[in-house]
There are 2 protein chains.
Amino acid sequence: MWRRLLYCLQMPVQMRMQLFLLQAEAVANSMTISAAAQEAGVGVETIRYYERRGLIRQPPSKGGYRQYPESTIRQLRFIRESQRLGFSLTEIEELLALAGAEDTTCGDVCSATEHKLAEVRGRIATLQRLEHELEAMLCAKDCAAPKRDCKLLEALSPPKERADCSHGCH
Amino acid sequence: MWRRLLYCLQMPVQMRMQLFLLQAEAVANSMTISAAAQEAGVGVETIRYYERRGLIRQPPSKGGYRQYPESTIRQLRFIRESQRLGFSLTEIEELLALAGAEDTTCGDVCSATEHKLAEVRGRIATLQRLEHELEAMLCAKDCAAPKRDCKLLEALSPPKERADCSHGCH
DNA sequence: ATAGGGTCCGTACCGTGGTACGGAGTCAAG
DNA sequence: CTTGACTCCGTACCACGGTACGGACCCTAT
């Protein structure tokens with residue numbers, strides 16, 4: 001905060017006047033890359049990476065230094081949130097394109113979300129099948145036995161040789 | 001199967017005699033890399049990759065050509081099966097080490113499996129949280145609306161600005 | 001004026017599980 | 001002996017989401 005204030009005081013008078021007329025939020029309007037990274041909770045290199053990938057548009061630069069507007073920070077948060085929801089950067093690119101296009105309806109975004117939901121449900125189902133198989137393997141255990149008789153190693157073998165686990169365990 | 005038969009028929013007479021005297025299982029006893037790959041359901045390059053990684057030990061070679069014994073094919077199937085259960089190659093390496101060590105008890109394998117089970121359950125829980133969030137987002141939809149009013153794009157924004165979805169949907 | 005810290009850019013590298021390529025060698029049949 | 005299929009080996013490359021490095025440049029405080 002101090003730094004930014006001092007920075008303002010060193011600006012040419014014209015610019016200082018402009019800034020003086022803007023609100024507090026607008027003061028924060030232009031951040032360096034590290035401030036933006038801090039603000040959005042990502043790494044500096046990550047922002048540069050996103051820019052290279054075209055996920056965020058390159059900001060105006062002052063003396064070769066990127067100056068990020070608040071809107072970019074919002075976009076970075078959007079990206080993080082979408083990632084957390086399981087969207088890949090490529091999918092987020094598409095979401096951002098949707099958000100940017102003139103003729104996008106809410107339905108477009110909606111169907112992308114439904115698609116992702118279906119995918120998530122599929123992954124859950126797969127993992128649950130896996131869960132049951134692992135449980136079934138464990139139920140046949142005899143942990144004190146030497147590995148020679150290990151039912152688990154057997155269970156990993158192909159179906160033909162697989163130990164049968166049907167004595168009501170669960 | 002046909003391939004193996006034809007392959008046998010193309011062998012030198014000496015070798016064919018030998019094979020004639022062996023049982024079906026033993027016929028498969030020594031395979032080229034492509035036969036092994038076929039048999040185990042993996043690619044040729046994959047086998048070489050596993051060998052480089054030390055997942056399978058290098059087989060005896062005849063004139064510079066790898067000759068795979070049946071045991072290696074079993075091991076390859078073990079690897080595939082374990083992968084299907086969600087074990088990474090590194091974890092499979094450990095499983096194989098357990099299987100190979102003299103003093104391994106069934107309990108060792110057991111605890112590895114339990115560990116994996118816990119991991120799988122964690123992943124399921126995460127995905128289910130995600131599922132609910134996506135559902136919550138969809139329940140606020142108005143698909144005909146222009147994107148300007150899109151609740152979904154809003155929903156992806158950080159918490160402060162997030163639309164509230166509390167009108168009994170589910 | 002200068003020291004320090006931040007930023008620039010291009011490029012290389014990480015892990016994961018392979019896949020692809022290319023030139024040389026080998027094998028068995030015709 | 002030639003042909004064609006197969007195999008050898010090392011190396012490079014793919015996706016994914018970044019992270020690290022190094023030399024040059026710039027900004028700010030003292």
Side-chain angles (χ1 to χ4, degrees), chain A residues 1-12 15 30-56 58-68 76 79-94, chain B residues 3-4 6-19 30-56 58-68 76 79-94 119:
Chain A
M1 213 46 181
W2 271 119
R3 290 189 53 173
R4 201 143 58 205
L5 183 56
L6 290 168
Y7 183 74
C8 285
L9 291 176
Q10 283 173 4
M11 285 176 171
M15 212 164 172
S30 212
M31 304 186 193
T32 65
I33 194 169
S34 62
Q38 182 89 3
E39 204 61 19
V42 298
V44 168
E45 300 290 333
T46 306
I47 295 183
R48 296 202 332 106
Y49 172 65
Y50 288 170
E51 201 173 308
R52 277 205 299 286
R53 271 197 69 139
L55 270 172
I56 57 180
Q58 50 247 71
S61 79
K62 188 177 165 57
Y65 279 30
R66 294 169 177 82
Q67 297 291 118
Y68 288 100
L76 284 171
I79 292 169
R80 271 186 70 73
E81 187 68 12
S82 305
Q83 264 189 315
R84 203 185 55 75
L85 286 178
F87 289 87
S88 72
L89 290 185
T90 305
E91 290 166 329
I92 293 169
E93 229 168 305
E94 289 159 17
Chain B
R3 288 193 55 170
R4 196 147 64 208
L6 290 168
Y7 184 75
C8 288
L9 292 175
Q10 283 170 6
M11 287 175 171
V13 176
Q14 199 185 8
M15 211 165 171
R16 226 181 320 178
M17 286 297 285
Q18 276 189 359
L19 286 181
S30 208
M31 304 185 193
T32 65
I33 195 169
S34 62
Q38 181 89 3
E39 206 57 22
V42 298
V44 167
E45 300 289 332
T46 305
I47 295 183
R48 295 204 331 108
Y49 172 66
Y50 288 169
E51 201 173 308
R52 275 204 301 285
R53 271 197 69 138
L55 271 172
I56 57 180
Q58 49 247 72
S61 77
K62 188 176 164 63
Y65 279 31
R66 294 169 178 83
Q67 298 292 117
Y68 287 100
L76 284 171
I79 293 169
R80 273 185 67 73
E81 188 69 10
S82 305
Q83 265 189 315
R84 203 184 58 74
L85 286 178
F87 290 87
S88 70
L89 290 185
T90 305
E91 289 166 329
I92 293 169
E93 228 168 305
E94 288 159 17
E119 202 184 301

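Computation of the quantities below employed the complete heavy-atom set of this structure, encompassing side-chain atoms and omitting hydrogens, waters and symmetry-equivalent molecules. The chains referred to below are lettered A, B, ... by the order of the sequence lines, with proteins before strands, and numbering in each begins at 1.
A donor atom on one side chain and an acceptor atom on the other are found under 3.5 Å apart for B:Arg53 and B:Thr90. Judged purely by distance below 3.5 Å, without hydrogens or angles, the side chains of B:Thr46 and B:Arg80 never pair a donor atom with an acceptor atom.
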List the steps, then state whether side-chain contact (heavy atoms from CB on, under 4.5 Å) holds for A:Leu76 with A:Tyr68.
CA-CA 11 Å; A:Leu76 284 171; A:Tyr68 288 100; 6.0 Å; no

Verdict with supporting geometry, B:Val42 and B:Ile79, side-chain contact (heavy atoms from CB on, under 4.5 Å)
CA-CA 10 Å; B:Val42 298; B:Ile79 293 169; over 6 Å; no

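Distance, A:Ile33 CD1 to C:dG5 C1': 15 Å, rounded to whole Å. With rounding to whole Å, B:Gln67 atom CD is found 15 Å from C:dT26 atom P. Summarising the geometry, the separation between CZ on B:Arg53 and P on C:dG18 is reported as 9 Å, rounded to the nearest angstrom. Atom CD1 in B:Ile47 sits about 17 Å away from atom P in C:dG17, given to the nearest Å. The CD-P distance, from A:Glu51 to C:dG10, rounds to 11 Å in whole Å. Rounded to whole Å, the distance from CD on B:Gln58 to P on D:dC8 is 12 Å. Regarding B:Tyr50, its OH atom lies at a distance of 8 Å from the P atom of C:dG17, rounded to whole Å. In this structure, OH of A:Tyr49 is placed 16 Å from C1' of C:dG10, rounded to the nearest angstrom.
Proximity of B:Thr46 to the phosphate of C:dT19: a side-chain N or O atom is located under 4.0 Å from OP1 or OP2. Look at A:Ser34 and you'll find a side-chain N or O under 4.0 angstrom from OP1 or OP2 of C:dT7. Considering only side-chain N and O atoms, B:Arg66 lies under 4.0 angstrom from the phosphate OP1 or OP2 of D:dC8.
Taking only distance into account, the side chain of A:Arg48 meets the base of C:dG10 through a donor-acceptor pair shorter than 3.5 Å. Below the 3.5 angstrom threshold, one finds a donor paired with an acceptor across the side chain of B:Tyr65 and the base of D:dC6.
Distances were taken from every side-chain heavy atom of B:Gln83 (C-beta onward) to each of D:dC21, C:dC21, C:dG17; the shortest belongs to C:dG17. Comparing atom distances between the A:Glu45 side chain and each of D:dC21, C:dG17, C:dT7 picks out D:dC21 as nearest.
If B:Val44 and B:Arg52 are placed on DNA chain D by their nearest nucleotide, the residue sitting closer to the 5' end is B:Val44.
Here A:Thr32 lies in heavy-atom contact (under 4.0 Å) with sugar-phosphate atoms only.
Using a cutoff of 4.0 Å between basic side-chain nitrogens and carboxylate oxygens, B:Arg84 and B:Glu81 are scored as salt-bridged.
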